[in-house]
S.K.: 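Below you'll find the structure I mean.
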Amino acid sequence: MDIASHNSRRFGWRIAGIALAIGLFALSVAELMLRAGSDAGTWRGLALSSLYLVLCLGQRRLFAPPRHRRR
């Protein structure tokens, strides 16, 4: 039984997660720059968390199967 893992989808869950995390990062940085209020810690935490999520989702080896050795 052969698994066709070489077929890559153009738009997958990983890319959607990265796009949402980048949007959340941009929103939280904009909120930090525009409104310096009492909830700055919350926005700072969201910015750091979304940046960490982008870095984690960017690791392709976590989501792609290992490549087979050629015989």
S.K.: If I take atom CD from residue E31 and atom CZ from residue R44, how far apart are they, to the nearest 0.5 angstrom?
M.R.: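 The CZ atom of R44 is 14.0 Å from CD of E31, to the nearest 0.5 Å.
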S.K.: Can you tell if the side chain of W43 reaches within under 4.5 Å of the side chain of L27, non-hydrogen atoms only?
M.R.: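 Contact flag for W43/L27 side chains = yes.
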S.K.: I need the full list of salt bridge (charged side-chain N to carboxylate O under 4.0 Å, His left out) pairs touching residues 15-27, with sequence neighbours left out, sorted by first then second residue.
M.R.: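 Residue pairs passing salt bridge (charged side-chain N to carboxylate O under 4.0 Å, His left out), neighbours aside: none found.
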S.K.: If I compare all heavy atoms of A21 with all of L53, which pair ends up nearest, and what's the gap?
M.R.: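 Nearest heavy atoms, A21 then L53: CB-CD2, 3.9 Å.
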S.K.: Are M33 and F25 connected in the hydrophobic side-chain network, where two residues link if heavy atoms are under 4.5 Å apart?
M.R.: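 Shared cluster, yes.
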S.K.: Is there any side chain to side chain donor-acceptor pair (under 3.5 Å) pair reaching into residues 46-58, and which pairs are they, with sequence neighbours excluded?
M.R.: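 Every candidate side chain to side chain donor-acceptor pair (under 3.5 Å) pair involving residues 46-58 fails, so no pair, neighbours aside, qualifies.
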S.K.: From the options L20, L24, I18, select the one residue that forms a side-chain contact (heavy atoms from CB on, under 4.5 Å) with I22.
M.R.: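 Result: among L20, L24, I18, I18 is the only option passing the side-chain contact (heavy atoms from CB on, under 4.5 Å) with I22.
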S.K.: Find the distance between CG (D39) and CG (L32) and round it off to the nearest 0.5 Å.
M.R.: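 It comes to 8.5 Å.
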